[in-house]
Amino acid sequence: MSATVSFQGIGASPGVAIGHAYVLDARRVRTPKVKLTRAEIEGEVLRFKTSIELSDRQLEELKTKLSAEGQAEHGMILEAHRMMLHDPMFLVEVTRLIKEEFINAEWAVRRVGKRLRHQFDNLEDEYFRERKSDIEFVADRLVRNLMGEVVDQEIEVPPHAIICAHDISPADAAMLVRSGSVGAFVTDLGGHTSHTAIVARAREVPAVVGLGKACESIRAGDMVAVDGRRGLVLVNPTEEQLALFRETMRRQMQSEQLALKTAELPAVTSDGVRIRLNGNMEFPEEIPSLLAHGAEGIGLYRTEFLFLNRAAPPTEEEHFESYKQVLQAMGDRPVTIRTLDLGGDKVPGKKPDKEINPAMGLRAIRYCLAHRELFRVQLRALLRASAFGNLRVMFPLVSSISELREARSELEACRSELSRQGITMGKRFPIGIMVETPSAAWIADRLAQEADFFSIGTNDLIQYSLAIDRQNRDVAYLYRPLHLAILRSLEAIIKAAKAANIPVAMCGEMAGDAALTIVLLALGLEEFSMTSGQIPMVKNVIRQMSRADAEVLLEKAMAFSSAEEIERFIKGEVDRRFNSGEVMGATVPSTTPATTTKG
Ligand code: PEP
Ligand code: MG
């Protein structure tokens, strides 16, 4: 048997899988480079235009085919590829190179693609940086079409195959998951927000990405074990390692069965406290999975993801269509839409001046208040969409009462404008804020007088309270949700909301960590929002705990002074009450939040 090799990458989609490697040969086509004569130019531009049309048709057909098969999650990415094809800058540049530099279309496409990719390289935000591989996929499709190659071929893989590749195009990922045979995805490129990661999470297929050069050394047929939560890939594992993976798989299957069984059950503590469990989402395509796992509403829709793969901001109509789609899919369940958390380098298209400290810079509500036009486009769309469901709107990163007032008055101005224009809107909806800065926590009592609800963003609240950059691996060990400073902040925020009689929810990663549910219950939190996979485990803990018991426990925990002591105490109590398999993914001691947007 071959030697065991292990690789550490980025856990992009949770779950464990064991199977034989299927190595996807994603080598790029060789680009022919030809110098043209003046007489050939016109024909070459025509050839380029024809390949654009052909590529566009292929993407449209693929999208229709996949959505007919219930694989709508690829739609948005394929649509973004179509938009890239028609990007005026791309078209003008390629045509200019053909005409002025007398080079063939394949060469020109590659050159413009390369230039665009470099622009993305310098972006600090992982999400937008990842989009450069989409440019490559679009360029590759064009070149293949120009050369008359076959594209979008069906890929047949054996059952439970572990797909190993340098990178996987959205079209290939779509083809692969529709076969239902994929055990896991393993790629050298990519991050938490690359399309393979997004598709894998939406389809609940384990994935590890960003493995560097691992796939170069994996051969077809190698036995591969994948842990998508820990980002671990073992090639040709030993019998003992396989046994451990099989045990985790067995527990995973058990918990999935539990998920399906408990999806319909209410989250009620043993002493009768009704807890609401909502879902966090970035794409409308995630809704079926959230509902299947028992989400009672949407607690956080991160709308900055509408800026996927594009140079220009979405139009009011595009915002509106997305919100309407989500509201309609959720029926009368509440849908909390967060206004844009853009800023820093999270502004595609134009290069903002470099901020030395973007997390503390012009982002989120600050950015929107500084770019009123962009903000108004979203607010108008939200007001119009409010006619289609149970909408709640919240503003991110509020750090003063003036920001809330200004944002509210901008919303009211848009409401009056729409009303003057005779445009249909729904009734008034609750307007809340994310409490995610220490200043907001300190003035929570005052903010509660003017906000209709709170949603606590622990990812940022912890970052700012403990002064640790959530993107910086070197200080990740300091990211501790059970630090006494965090517990005291949460206590104050929840108390302020209750005193003012407004709902308070939590949508940061802490809410989805079943190992911390006891603490949040004791703090009086009654509304949690998390990703779909986290809902069953959190519900399971809630249904087995009494709040009174949790309160006693928290009082004891908060008597300790260090985060380590509190963690040790809580972990001990969690282990005593639940066998470790039941609270899978327990993060005591803490880990950094695996979120897709930057704080
Ligand atoms: C948070 O900060 O906890 C949060 C939910 O917002 P994001 O992760 O999008 O910054
Ligand atoms: Mg945040």
Side-chain angles (χ1 to χ4, degrees), residues 124-128 191-193 198 201 277-283 286 290 295 297-308 335-347 358-368 378 392-399 403 407 432-441 444 453-472 476 479-481 483 486 489-490 493-494 504-513 516 520 525 527-532 534 538 587 590-599:
E124 211 163 83
D125 185 80
E126 181 211 334
Y127 180 74
F128 289 119
H192 194 71
T193 54
I198 293 167
R201 280 198 297 276
L277 297 183
N278 290 332
N280 287 358
M281 56 168 282
E282 275 113 35
F283 301 100
E286 290 167 80
L290 283 167
I298 301 298
L300 169 65
Y301 175 8
R302 290 181 164 104
T303 56
E304 55 279 7
F305 278 77
L306 287 167
F307 283 66
L308 173 78
V335 173
T336 316
I337 302 187
R338 175 175 79 180
T339 59
L340 300 167
D341 191 349
L342 288 172
D345 271 0
K346 265 204 258 178
V347 189
M360 297 205 192
L362 194 63
R363 62 168 279 219
I365 194 63
R366 305 165 182 187
Y367 186 88
C368 285
Q378 178 172 42
R392 308 197 290 190
V393 168
M394 65 181 177
F395 305 122
L397 208 81
V398 167
S399 60
E403 278 170 342
I433 59 164
M434 299 246 338
V435 180
E436 50 183 350
T437 62
S439 60
F453 66 91
F454 285 166
S455 184
I456 308 174
T458 47
N459 307 341
D460 278 318
L461 185 63
I462 296 173
Q463 149 164 272
Y464 297 123
S465 301
L466 303 185
I468 30 149
D469 180 350
R470 65 194 254 201
Q471 306 282 320
N472 184 340
Y479 198 97
R480 309 201 100 116
H483 191 298
I486 303 303
S489 291
L490 297 179
I493 299 164
I494 295 169
V504 52
M506 180 182 287
C507 61
E509 286 291 308
M510 194 174 173
D513 189 338
L516 303 177
L520 300 179
L525 192 75
E527 194 172 323
F528 295 53
S529 192
M530 61 200 77
T531 56
S532 63
Q534 295 169 321
V538 170
T587 56
S590 62
T591 56
T592 46
T595 53
T596 41
T597 45
K598 182 169 82 162

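Start at 1 with the first residue, then count along the sequence. Every number for a ligand or one of its atoms is a count from 1 in the order of the listing.
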- Query: Considering distance alone, does some N or O of N459 sit under 3.5 Å from an N or O of ligand 1?
  - Reply: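 It does: an N or O of N459 is found under 3.5 Å from an N or O of ligand 1.
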- Between E509 and ligand 1, is there a nitrogen or oxygen pair with a distance under 3.5 Å?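 In fact, backbone or side chain, E509 has no N or O that close.
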- Query: At under 4.0 Å between heavy atoms, which part of E282 makes contact with ligand 1: side chain, backbone, both or neither?
  - Reply: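 Neither; nothing of E282 gets under 4.0 Å from ligand 1.
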- Query: Which is it for L461 and ligand 1 at heavy atoms under 4.0 Å: side chain, backbone, both or neither?
  - Reply: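 L461 to ligand 1: no contact under 4.0 Å from either part.
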Between [X] (side chain) and [Y] (backbone), is there a donor-acceptor pair under 3.5 Å?
X    : Y    : answer
Y464 : M360 : no
R366 : G361 : yes
E304 : D341 : yes
E436 : L397 : yes

Taking only heavy atoms of [X] into account, list the atoms of ligand 1 that are under 4.0 Å away from them.
X    : value
G457 : 1 (C), 2 (O), 3 (O)
C507 : 5 (C)
L300 : 5 (C)
M434 : 4 (C), 5 (C), 6 (O)

- Item | Minimum heavy-atom distance T336-G299, with the two atoms named |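 Closest pair (atom of T336, atom of G299, distance): CB-O, 3.4 Å.
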- Message: Report the atom name of the nearest N/O/S atom of D460 relative to the Mg ion (ligand 2).
- Response: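 Relative to the Mg ion (ligand 2), the closest nitrogen, oxygen or sulfur of D460 carries the name OD2.
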- Which atom, counting only N, O or S, brings E436 closest to the Mg ion (ligand 2)?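 For E436, the N, O or S atom at the smallest distance from the Mg ion (ligand 2) is OE1.
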- In Å and rounded to the nearest 0.5 Å, what is the CZ to CD1 distance from F528 to I456?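 Answer rounded to 0.5 Å: 10.0 Å.
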- Item | Nearest neighbour of atom 10 (O) of ligand 1 from the list V435, I456, N280, D460, on a heavy-atom basis |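 Closest candidate by heavy-atom distance is D460.
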- Item | Side chains of I486 and R480 in contact at under 4.5 Å (non-hydrogen atoms) |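 I486 vs R480: side chains apart.
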- Query: Is it true that M510 lies under 4.0 Å from ligand 1, counting heavy atoms only?
  - Reply: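 No, that is not the case, since the closest heavy atom of the residue is not under 4.0 Å from the ligand.
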- side chain to side chain donor-acceptor pair (under 3.5 Å) with T303: which of Q378, R338, E282?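 For T303, the side chain to side chain donor-acceptor pair (under 3.5 Å) check succeeds only for Q378.
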